[in-house]
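Written out below as structure tokens is the structure these notes cover.
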Amino acid sequence: MTHWVTYSEPSANRLTALLQQLGQSAICESVTKIEPLRPKDPFPEEKPDLIIALSQHAAAAYLDHYFKPSHEGISALAIGKTTAAKLIEHGALEVSTPRVANSEGLLAMPQVQALCSSQRVWLLTGEGGRDLVANTLADRCDLQRFSLYRREKRRVNLPAGFKPKAIWVGSVHGLQQVDEAIEPLKICRQRTMLVAASERVADYACERDWTKVLICEASDAEAVKDACARIDHDQ
């Protein structure tokens, strides 16, 4: 049986390749695509006190199109390891991550807890999705939000009768698209393993009647290896 990787790019191909390196059969068929957005306000030359990046897509868009030499040395918080990897690879920012890779974990970081009204913070994010970080920080600091992309639905192309060994899902939006795609394929939520990228996605999956759910940070090779072992044991 074959793992179905539904992540958006570039994570989809990266995870598929890792699964194949682990001796697993895997198909890369994304359910979402990333559409770049131009922010309403330009990025200032003057650097802020803090940058918060809520996804790898937002981080990549900022670094590729809006980073300026005057921004070098900014302290940046990345919501998870994959987002942090983008920022660290660039080499110009001082990058930290929360102990728990979600909005709550990020808001609990000492750099966020210490913010005051005079400090300027740039929030790098996408359009839609959760607004917990933006809403929490709106009155705590001088917050400027940059929406740098949106997720859009992508039609999947899977063979009739396809029954995945496990479905790997990276976001709530992705799970919503998976839920639509499985209906004509007659894939059963109660019998199919779903591997969620975060606790938030896993909680949403349980609300949607998925009963076999694992949480795995796909950028962590050891975590992926462990997840595969648990899935194989379940078969």
Side-chain angles (χ1 to χ4, degrees), residues 1-32 55-57 78-86 97-106 129-130 151 153-235:
M1 295 179 72
T2 299
H3 294 265
W4 175 16
V5 177
T6 72
Y7 282 48
S8 56
E9 296 297 356
S11 296
N13 273 311
R14 190 163 54 233
L15 175 56
T16 302
L18 177 56
L19 288 167
Q20 291 169 346
Q21 289 170 14
L22 293 171
Q24 301 287 329
S25 174
I27 184 171
C28 177
E29 189 65 29
S30 302
V31 295
T32 59
S55 77
Q56 64 169 322
H57 303 297
I79 196 165
K81 293 180 181 179
T82 305
T83 304
K86 282 284 181 187
T97 55
R99 293 180 61 185
V100 180
N102 57 27
S103 296
E104 290 82 359
L106 195 149
R130 249 182 134 189
R151 288 185 174 95
K153 178 181 177 180
R154 179 181 178 275
R155 179 190 287 268
V156 300
N157 183 23
L158 293 168
F162 176 68
K163 293 293 182 284
K165 185 175 190 177
I167 303 175
W168 295 69
V169 180
S171 68
V172 168
H173 181 275
L175 182 54
Q176 291 168 344
Q177 306 316 315
V178 166
D179 277 336
E180 285 189 26
I182 65 172
E183 296 302 330
L185 294 169
K186 296 183 173 16
I187 294 172
C188 179
R189 291 180 179 85
Q190 288 72 44
R191 297 177 184 172
T192 306
M193 185 70 74
L194 187 124
V195 186
S198 67
E199 185 176 347
R200 178 175 175 241
V201 177
D203 289 344
Y204 186 79
C206 292
E207 292 173 6
R208 302 281 292 179
D209 296 329
W210 292 86
T211 56
K212 300 170 68 174
V213 181
L214 289 178
I215 299 174
C216 177
E217 171 57 67
S219 64
D220 185 333
E222 285 302 315
V224 172
K225 182 178 179 180
D226 180 66
C228 287
R230 294 171 66 184
I231 293 165
D232 288 339
H233 184 266
D234 183 74
Q235 298 300 307

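When every heavy atom of Cys206 is checked against every heavy atom of Val213, the shortest pair comes out as SG-CG2, 4.3 Å. Nearest heavy-atom pair, Ala12 versus Tyr7, reported as atom, atom and distance to 0.1 Å: CB-O, 3.1 Å. Taking each heavy atom of Gln20 and Ala26 in turn, the nearest pair found is NE2-O, 3.4 Å. Across all non-hydrogen atoms, the minimal contact from Arg151 to Ser171 is NE-OG, 3.8 Å. Residues Ala223 and Glu217 come closest through the heavy atom pair CB-O, 4.0 Å. Closest heavy-atom contact between Thr82 and Ser219: OG1-CB, 3.0 Å.
Using a 4.5 Å cut-off on side-chain heavy atoms (C-beta onward), Trp210 and Val178 make contact. Counting heavy atoms from C-beta outward, Cys28 and Asn13 have side chains that approach closer than 4.5 Å. Side-chain atoms of Arg154 and Thr32, non-hydrogen and from C-beta on, never get closer than 4.5 Å to each other. Lys165 is listed as a side-chain neighbour of Asp232, based on a closest heavy-atom distance under 4.5 Å. Counting heavy atoms from C-beta on, the side chains of Arg14 and Leu18 never come closer than 4.5 Å.
In this structure a side-chain-to-backbone donor-acceptor pair under 3.5 Å is missing from Thr97 to Ile79. In this structure, Ser25 contributes its side chain and Thr2 its backbone to no donor-acceptor pair below 3.5 Å. Proximity of a side-chain donor or acceptor of Lys163 to a complementary backbone N or O of Leu185 within less than 3.5 Å is detected. Between the side chain of Glu29 and the backbone N or O of Trp4, no donor-acceptor pair lies under 3.5 Å.
With rounding to the nearest 0.5 Å, the separation of CG in Leu214 from CZ in Arg230 is 4.5 Å.
Shown are Val31, Leu194, Ile167; of these, the side-chain contact (heavy atoms from CB on, under 4.5 Å) with Leu175 is made only by Leu194. The residue from Val195, Ile231, Asp226, Leu15 that alone fulfils the side-chain contact (heavy atoms from CB on, under 4.5 Å) condition with Cys216 is Val195.
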In sequence, state the C-alpha distance, the side-chain angles, and the governing distance for Trp168 and Thr16, and then conclude on side chain to side chain contact (heavy atoms under 4.5 Å, CB included). CA-CA 10 Å; Trp168 295 69; Thr16 302; over 6 Å; no

Passes side chain to side chain contact (heavy atoms under 4.5 Å, CB included), Leu158 versus Ile27? Steps please. CA-CA 9 Å; Leu158 293 168; Ile27 184 171; 3.9 Å; yes

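In summary, the side chains of Thr6 and Gln177 do not present any donor paired with an acceptor at a separation below 3.5 Å, with no hydrogens or angles considered. A donor-acceptor contact closer than 3.5 angstrom is absent between the side chains of His173 and Ser8.
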